[in-house]
Amino acid sequence: MIDLGLSKLALIGAVALIVIGPEKLPRVARTIGTLLGKAQRYVSDVKAEVNRSMELDELRKMKTSVEGAARDVENSIQSASSGIEQEWSTTAAELESSFESSSGVMPELVNYPEYKHPGKNWRLKRGSVPAWYKARQGLRTKALSGAARVARHRPPGFSGAARRPRQLG
């Protein structure tokens, strides 16, 4: 930025006071301040955009390297699985030939039952406490209003006349 010392700023202020006049100087200073603030915000926005683009470039590079590593792993797994399949087929053929030569009959494969989902859903628990138990214990099964709750606990034989003040006649 421009190197302005204290003496240079004082000289600029004195010239501005003479040229603009003391009445308009505060308004001009305010305008210059807002313009400088806008310029600083613009510069910070540009810096942030540059940083974002640099980060995106780094992420793209990282993505390509991760994709390459994933392809390498996939290729190695595929080659290993093809090797295992070849070994399996050779051993299965050897076992089949040995069983046929020894007994002449292939042993039956065991059929295990297929998994069946029990159909339970833990979110839909119904009736965890029976209604007769709630009735015996006096547990609430329905929501009561405030007035109904007060009426429920009012002593028997209590009338509403005792609440009203008596009028003298």
Side-chain angles (χ1 to χ4, degrees), residues 1-89 114-131 133-135 137-155 158-168:
M1 290 210 55
I2 302 170
D3 185 28
L4 295 175
L6 189 59
S7 60
K8 289 181 184 177
L9 285 175
L11 182 64
I12 291 171
V15 171
L17 185 62
I18 292 170
V19 171
I20 297 172
E23 304 88 27
K24 296 182 181 178
L25 187 62
R27 190 182 332 145
V28 171
R30 216 176 301 127
T31 305
I32 290 173
T34 56
L35 291 175
L36 282 174
K38 287 180 181 179
Q40 286 177 345
R41 282 192 295 272
Y42 178 74
V43 168
S44 67
D45 288 345
V46 169
K47 284 182 182 178
E49 188 65 33
V50 168
N51 287 339
R52 252 186 256 124
S53 65
M54 289 172 54
E55 289 174 359
L56 281 175
D57 290 340
E58 290 175 6
L59 286 174
R60 284 188 191 117
K61 289 177 185 176
M62 189 182 301
K63 178 184 171 187
T64 56
S65 65
V66 167
E67 286 176 348
R71 274 190 231 105
D72 293 343
V73 168
E74 183 181 2
N75 290 338
S76 65
I77 289 174
Q78 204 169 24
S79 63
S81 66
S82 64
I84 290 172
E85 286 177 6
Q86 288 175 353
E87 289 179 21
W88 177 259
S89 62
E114 189 174 318
Y115 174 75
K116 182 181 174 189
H117 193 273
K120 294 180 181 179
N121 190 349
W122 61 270
R123 290 184 186 98
L124 299 176
K125 287 186 180 178
R126 291 182 297 254
S128 59
V129 179
Y133 182 81
K134 288 181 181 179
Q137 297 298 321
L139 298 175
R140 271 190 263 154
T141 58
K142 297 175 185 157
L144 291 176
S145 67
R149 204 172 293 119
V150 168
R152 181 179 181 195
H153 296 293
R154 187 173 294 140
F158 185 77
S159 68
R163 287 183 286 169
R164 281 187 248 125
R166 279 199 276 172
Q167 294 179 356
L168 298 174

J.: Looking only at heavy atoms, what is the nearest atom pair of P26 and E23, with distance?
T.: CD-O, 3.7 Å

J.: With rounding to the nearest 0.5 angstrom, report the CD to OG distance, E74 to S81.
T.: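 Rounded to the nearest 0.5 Å, the CD-OG separation comes out at 10.0 Å.
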
J.: Looking at residues at least two apart in the chain, or sitting in another chain, which of them share a salt bridge (charged side-chain N to carboxylate O under 4.0 Å, His left out) with E49?
T.: R52

J.: Measure the CD1-CD1 distance between I84 and I77 for me, rounded to the nearest 0.5 Å.
T.: 10.5 Å

J.: Let me confirm one number: the CE-CG distance from M62 to D57, rounded to the nearest 0.5 Å.
T.: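 Interatomic distance, M62 CE to D57 CG, rounded to 0.5 Å: 12.0 Å.
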
J.: Do you know the tightest heavy-atom contact between L144 and R152?
T.: CD1-NH1, 3.9 Å

J.: Give, for atom CZ of R27 and atom OG1 of T31, the distance between the pair rounded to the nearest 0.5 Å.
T.: 7.5 Å

J.: What's the separation between atom CG in L25 and atom CZ in R30, rounded to the nearest 0.5 Å?
T.: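 Rounded to the nearest 0.5 Å, the CG-CZ separation comes out at 10.5 Å.
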
J.: To the nearest 0.5 Å, what is the distance between NZ (K142) and NZ (K134)?
T.: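 Those atoms lie 11.5 Å apart.
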
